[in-house]
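One structure below.
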Amino acid sequence: MTGSVHQKNLSSESNAFSFGLEVIGKTEPLIAEYIRGELQNQRSQLKLIASENYASPAVLLAMGNWFSDKYAEGTPGHRFYAGCDFVDKVETLAAQNAKELFDAKYAYVQPHSGIDANLVAFWALLAYRVEAPFLETKNVKHVNDLEDEDWDFLRKAFGDQRMIGMSLDAGGHLTHGFRPNISGKLFDQRSYGVDPKTEQLDYDSVRSLAEEFRPLIIVAGYSAYPRRVNFAKMREIADSVGALLMVDMAHFSGLVAGKVFTGDYDPIPNAHIVTSTTHKSLRGPRGGIVLSNETDLAEFIDKGCPMVLGGPLANVMAAKAVAFSEAKTTAFQTYAQQVVDNAKALAEGIEKRGGRLVTGGTENHLVLVDVRSFGLTGRQAETALEESGVIVNRNAIPFDPNGAWYTSGIRLGTPALTTIGMSCDDMDEVAEIICSVLSATSPASTTSGEESKAKFMLSDNVSVDNRNRCAELLRLNPLYPEIDSTI
Ligand code: DSN
């Protein structure tokens, strides 16, 4: 595993990674070994983490170069550093590709992650609705021109703003105004949940909350909600109370790019501002983007760096440009539809084997299983599956009696397995593996004799048998077939 082989008969991808690892290994052999180990690990497990995927070799290779070395705070043509000619070209191309891909008027490709994209969006909205009108009343152009008492007033005004977002147990995200995150410390937040019976978003309750609470921002979007959201309805609610609609499409941007979510379900024409990660269903490098069709907002979004971001990562923006080009193809649209078809097949496979599905099904890339139907907590199910070769994450379900740590659910996503070519038939086998592991797992007792929420019993035979079944699926659908196992 430590040597590398450069062979004419190997693909250029194999040789690229092989040479790269040889170079790394000359300086820190352990890192070369760990990189090889990670590939081997990923090749031996079924990846069902809904927020993960496999980026293409082109995307991965676009990140490993000298663009990493360049500082480029500012925007193309308006940098705080000299020597940014090629960074400007990279950022401009990435933004152009994003605009074409999502049919958006404006794209900002600098955010380093989803949380950064959300921070850029929040501060752009605050600058647009709170700061700019205040500067106008004071007849100044810049915050530095304010008198100290006016600056104090403005700082307090930022802290007085309200937002609403989906509750965490309904599938919302910490960055949508929850206290452990900076967004919850900045905004006065209330959350909307789901209907207790259907477990689906209840638009009437969103409307009532918006009318009563009068937020500046309504955040739509989720990280663990297995249904589509009607963004046209959310915009109508936002407009009716004078709020701005922000959609965080981090999880499902691949389905928007792939034209699975269109019309009322496409956030771009419906929201004031849209944020996303680039590495989930979109299958790009780790990072974030902000999009908008509101040209008035562009100048405020452009201030993301240095307002809340450090210097842009030009190497990652290069990889974003590559990923957006990939996502513009019809092959990607086929992929995105297959992600959703696979999730549906997986959900059906689990339901027919006795698993209860939150909301009764799925309309996107993820499935939320209530593992109390197998007598388990999410924590037990997650670890039992990991021992059997299936990587998932435990997740709270609506009104979860086991809380956010142990949870009663597991979240399953199909973007990664679809990337390696798995079909609906394969999803039935995945459902069979998951259900056979969960059915064979039972809670163990704590030292005081109570039923544990973490410990469990699962026979080695079952986990070994299922690891073999996973290996067979992965043999038939290999990860990075273009990269040789000898690198
Ligand atoms: N980590 C992402 C997820 O798993 O949904 C969101 O932060």
Side-chain angles (χ1 to χ4, degrees), residues 42 45-55 111-122 165-184 189 191 194 201 219-229 246-256 261 267 274-290 308-309 316 339-340 343 346 358-359 362-369 371 378-379 381-383 385-386 390-398 400 404-419:
Q42 294 202 18
Q45 295 164 331
L46 283 187
K47 188 198 274 206
L48 280 148
I49 305 278
S51 47
E52 292 183 8
N53 211 327
Y54 302 112
H112 309 159
S113 66
I115 179 173
D116 286 357
N118 286 348
L119 274 177
V120 170
F122 290 142
M166 193 177 212
S167 67
L168 286 178
D169 72 345
H173 194 257
L174 266 188
T175 59
H176 300 174
F178 293 92
R179 290 178 189 180
N181 180 255
I182 189 169
S183 56
Q189 194 260 25
S191 4
V194 289
L201 191 51
V219 181
Y222 51 79
S223 57
Y225 178 67
R227 297 281 168 175
R228 297 184 298 179
V229 173
M246 168 172 155
V247 175
D248 177 348
M249 63 170 185
H251 260 261
F252 51 90
S253 52
L255 307 183
V256 178
F261 287 179
V274 178
T275 61
S276 183
T277 53
T278 46
H279 50 276
K280 297 184 170 119
S281 54
L282 195 49
R283 215 167 61 184
R286 296 193 73 87
I289 44 170
V290 181
V308 294
L309 299 176
V316 180
V339 166
V340 174
L346 181 62
V358 172
T359 78
T362 176
E363 294 169 338
N364 56 19
H365 63 298
L366 70 87
V367 178
L368 199 55
V369 185
V371 290
R379 171 99 190 260
E382 176 190 274
T383 318
L385 286 167
E386 183 178 19
V390 184
I391 304 299
V392 307
N393 70 283
R394 65 186 184 279
N395 213 102
I397 63 172
D400 200 318
W405 179 249
Y406 292 109
T407 81
S408 302
I410 52 171
R411 186 185 66 164
L412 314 174
T414 52
L417 295 188
T418 307
T419 292

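For ligands, and for the atoms within them, numbers begin at 1 and follow the listed sequence.
With a 4.0 Å heavy-atom cut-off, ligand 1 is reached by no atom of E52.
Nearest to atom 1 (N) of ligand 1 by heavy-atom distance, out of S223, G413, S51, G171, is S51.
Under the 3.5 Å distance criterion, the side-chain polar atoms of T362 are matched with a main-chain donor or acceptor of N364. At distances below 3.5 Å, at least one donor-acceptor pair connects side-chain atoms of E382 with backbone N or O atoms of R394.
Of all atoms in ligand 1, numbered sequentially from 1 with element shown, those under 4.0 Å from a heavy atom of R411 are 3 (C), 4 (O), 5 (O).
Ring planes of H251 and H365: tilted class, angle from 30 to 60°.
The closest side-chain donor-acceptor pair between D400 and S408 falls under 3.5 angstrom. Residues T359 and R227 bring a donor and an acceptor atom of their side chains to less than 3.5 Å of each other.
Residue contact check for ligand 1: H251 places a non-hydrogen atom closer than 4.0 Å to it.
From the protein, the heavy atom lying nearest to atom 6 (C) of ligand 1 is H173 NE2, 3.2 Å.
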